[in-house]
Amino acid sequence: MEWFEDEALWVDFSAVFFSAERAAAAEATVASSPLLDVPAGTEVLDLGCGPGTFTLPLARRGATVTGVDLSQALLDRARREAAEASVDVRLVRADMREFVEPDRFDLAISMYTSFGLFTEHGQNMRVLHNALASLAPGGRLLIDLFCKEVLARDGGEAKIFDVEGGTLTVRGTVLEDWTRFRDDFVLVRGNRARTAFVEHTLYSAVELKALLGEAGFVDVVCYGGFGGEPFDNHARRLIVVGSRPATDRDDA
Ligand SMILES: C[S@@+](CC[C@H](N)C(=O)[O-])C[C@H]1O[C@@H](n2cnc3c(N)ncnc32)[C@H](O)[C@@H]1O
């Protein structure tokens, strides 16, 4: 089993990955970001939607959102929270390496380092090809992730956080000459400790931009924050946006 197929990981660490603070921050980001400013009725695809962190805020603003995730537990939580908030969302259990709905979406998003999870480069490329095929001509893909430059600048030292009922230690490790990154977590509550890890490819801006170009996206631009800040030495995240060509000729 691959680490991301472990339902227990997403359930046991839900309060860490998908806290109320993150949900509130996502709501504020969707309300203010020019990159996520979608007119009502926009068809949005949220790849690796988790418990609906961005799915629900986008739907609340009038977008027609399809959330895709592998984890049944996270989709159940998204469905529950959508029902409680009377928000209409479509949730699909599928592997992003397989999910394609041709020519349908105006915007596809991949948030909080949900891209680059697969060890094999070809599988990450398949996600890009699927996203391109699922976009309507002229539609945009937005990928938000933790990148090489931010890690190199900030140092990636181990950190200890207070979490509900205990403490969490997070220790990052660069793997394979800065190709992959692994975060190891130790969650201690009372006399119980639970360990887990997540792993992803470590892209730089220029590398990810090139991959989108290779997959067939055009007008690829990197940002350093959801306010549309440039990707410079102050960048907090790497956000890459590319478009499906509006016509076949743009593709040439
Ligand atoms: C870091 S979480 C981010 C979730 C959400 N985008 C957010 O911002 O909170 C990554 C998500 O990708 C999902 N995921 C992992 N592998 C997947 C796959 N092969 N296909 C679809 N979803 C997958 C996980 O279940 C998890 O919900």
Side-chain angles (χ1 to χ4, degrees), residues 26 29-30 33-39 41-50 52-55 57-59 61 63-70 89-90 92 94-118 121-148 200-231 235 237-248 250-252:
T29 298
V30 168
S33 172
L35 305 177
L36 294 170
D37 185 16
V38 287
T42 301
E43 286 270 0
V44 178
L45 170 63
D46 187 356
L47 285 168
C49 65
T53 315
F54 287 87
T55 323
L58 284 163
R61 296 186 76 78
T64 304
V65 194
T66 298
V68 170
D69 206 283
L70 203 53
V89 291
R90 176 173 167 245
V92 179
D95 192 315
M96 64 176 93
R97 290 168 290 186
E98 309 300 333
F99 181 87
V100 183
E101 286 187 349
D103 308 329
R104 173 167 182 166
F105 299 98
D106 305 302
L107 174 68
I109 60 172
S110 170
M111 310 299 278
Y112 204 55
T113 319
S114 300
F115 179 75
L117 302 181
F118 312 112
H121 172 65
Q123 296 191 1
N124 295 318
M125 284 307 284
R126 190 157 3 129
V127 175
L128 290 183
H129 287 295
N130 290 348
L132 186 78
S134 293
L135 287 171
R140 291 181 303 139
L141 168 68
L142 180 153
I143 297 178
D144 151 64
L145 45 71
F146 178 60
C147 66
K148 215 177 251 182
H200 60 86
T201 304
L202 202 46
Y203 296 107
S204 70
V206 76
E207 286 164 349
L208 190 55
K209 200 171 171 179
L211 291 190
L212 262 71
E214 197 183 309
F217 288 89
V218 295
D219 302 330
V220 182
V221 180
C222 297
Y223 299 96
F226 280 100
E229 298 88 344
F231 185 78
R237 306 284 296 169
L238 169 59
I239 300 163
V240 181
V241 180
S243 299
R244 177 176 163 182
T247 65
D248 288 344
D250 291 352
D251 209 4

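Because only heavy atoms are used, hydrogens play no part in the values below, and waters and symmetry mates are left out as well, while side chains stay in.
In this structure, Gly52 and Pro57 approach most closely via the heavy-atom pair O-CD, 3.7 Å. Across all non-hydrogen atoms, the minimal contact from Gly227 to Pro34 is O-CG, 3.7 Å. Closest heavy-atom contact between Val44 and Ala63: CG2-CB, 3.9 Å. The minimum heavy-atom distance linking Val220 with Gly213 is given by the pair CG2-N, 4.5 Å. Considering every non-hydrogen atom in both Ala246 and Pro137, the closest pair reads O-CB, 3.3 Å. Between Ala215 and Leu132, the shortest heavy-atom distance links the atoms O-CD2, 3.3 Å.
With hydrogens and angles disregarded, a donor-acceptor distance shorter than 3.5 Å links the side chain of Thr201 to the backbone of Gly116. Glu98 places no side-chain N or O within donor-acceptor distance of the main-chain N or O of Asp95, the cut-off being under 3.5 Å. For the pair Asn130 (side chain) and Val100 (backbone), a donor-acceptor distance under 3.5 Å is absent. Under a 3.5 Å cut-off, the side chain of Ser110 and the backbone N or O of Ile143 do not form any donor-acceptor pair. A donor-acceptor distance shorter than 3.5 angstrom exists from the side chain of Ser33 to the backbone of Leu35, with no hydrogens or angles considered. Within the 3.5 Å criterion, the main-chain N or O of Thr42 finds no donor-acceptor partner in the side chain of Asp106.
Cation-pi check for Arg237 over Phe226 is not met; the charged atom does not lie both under 6.0 angstrom from the ring centroid and within 45 degrees of its normal.
Between Phe99 and Phe105, the angle of the ring planes lies from 30° to 60°, which puts this pair in the tilted group.
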Test side-chain contact (heavy atoms from CB on, under 4.5 Å) on Leu58 and Ile109; report intermediate values, then the result.
CA-CA 11 Å; Leu58 284 163; Ile109 60 172; 3.6 Å; yes
So Lys209 and Glu214, salt bridge (Lys or Arg N to Asp or Glu O under 4.0 Å) or not? Walk me through it.
CA-CA 9 Å; Lys209 200 171 171 179; Glu214 197 183 309; over 6 Å; no
Could you please spell out the steps behind the side-chain contact (heavy atoms from CB on, under 4.5 Å) verdict for Val240 and Leu142?
CA-CA 6 Å; Val240 181; Leu142 180 153; over 6 Å; no
Apply side-chain contact (heavy atoms from CB on, under 4.5 Å) to the pair Asp103 and Arg244, showing each step before the final yes or no.
CA-CA 10 Å; Asp103 308 329; Arg244 177 176 163 182; 2.7 Å; yes
Salt bridge (Lys or Arg N to Asp or Glu O under 4.0 Å) assessment of Arg140 paired with Asp219:
CA-CA 10 Å; Arg140 291 181 303 139; Asp219 302 330; over 6 Å; no
For Cys222 and Leu238, run side-chain contact (heavy atoms from CB on, under 4.5 Å): C-alpha distance rounded to whole Å, both residues' side-chain angles, the deciding distance at 0.1 Å, then the answer.
CA-CA 7 Å; Cys222 297; Leu238 169 59; 4.1 Å; yes
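Aromatic pair Phe115/Tyr203: centroids less than 6.0 angstrom apart.
For the pair Leu211 and Leu128, the minimum side-chain heavy-atom distance is below 4.5 Å. Between Val241 and Leu141, the closest side-chain pair of non-hydrogen atoms is not below 4.5 Å. Counting heavy atoms from C-beta outward, Met111 and Leu36 have side chains that approach closer than 4.5 Å. Looking only at side-chain heavy atoms (C-beta outward), Leu208 and Leu145 come within less than 4.5 Å of each other. No side-chain heavy atom of Val38 sits less than 4.5 Å from a side-chain heavy atom of Arg61.
Asp46 and Thr55 form a side-chain donor-acceptor contact under 3.5 Å, judged by distance and modelled atom types alone. Defined by atom type and a distance below 3.5 Å, a donor-acceptor pair is missing between the side-chain atoms of Ser134 and Arg104.
In this structure, CG on Leu70 lies 8.0 Å from CE on Met96, to the nearest 0.5 angstrom. Residue Ser243 holds its OG atom at 9.5 Å from CG of Leu212, rounded to the nearest 0.5 Å. Here CZ of Arg97 is found 7.0 Å from CZ of Arg126. Values are rounded to the nearest 0.5 Å. One distance of note links CD of Glu229 with CD1 of Ile239; it measures 7.5 Å at 0.5 Å rounding.
Comment: Arg90 does not engage Glu43 in a salt bridge, judged by the lack of any side-chain N to carboxylate O separation of less than 4.0 angstrom.
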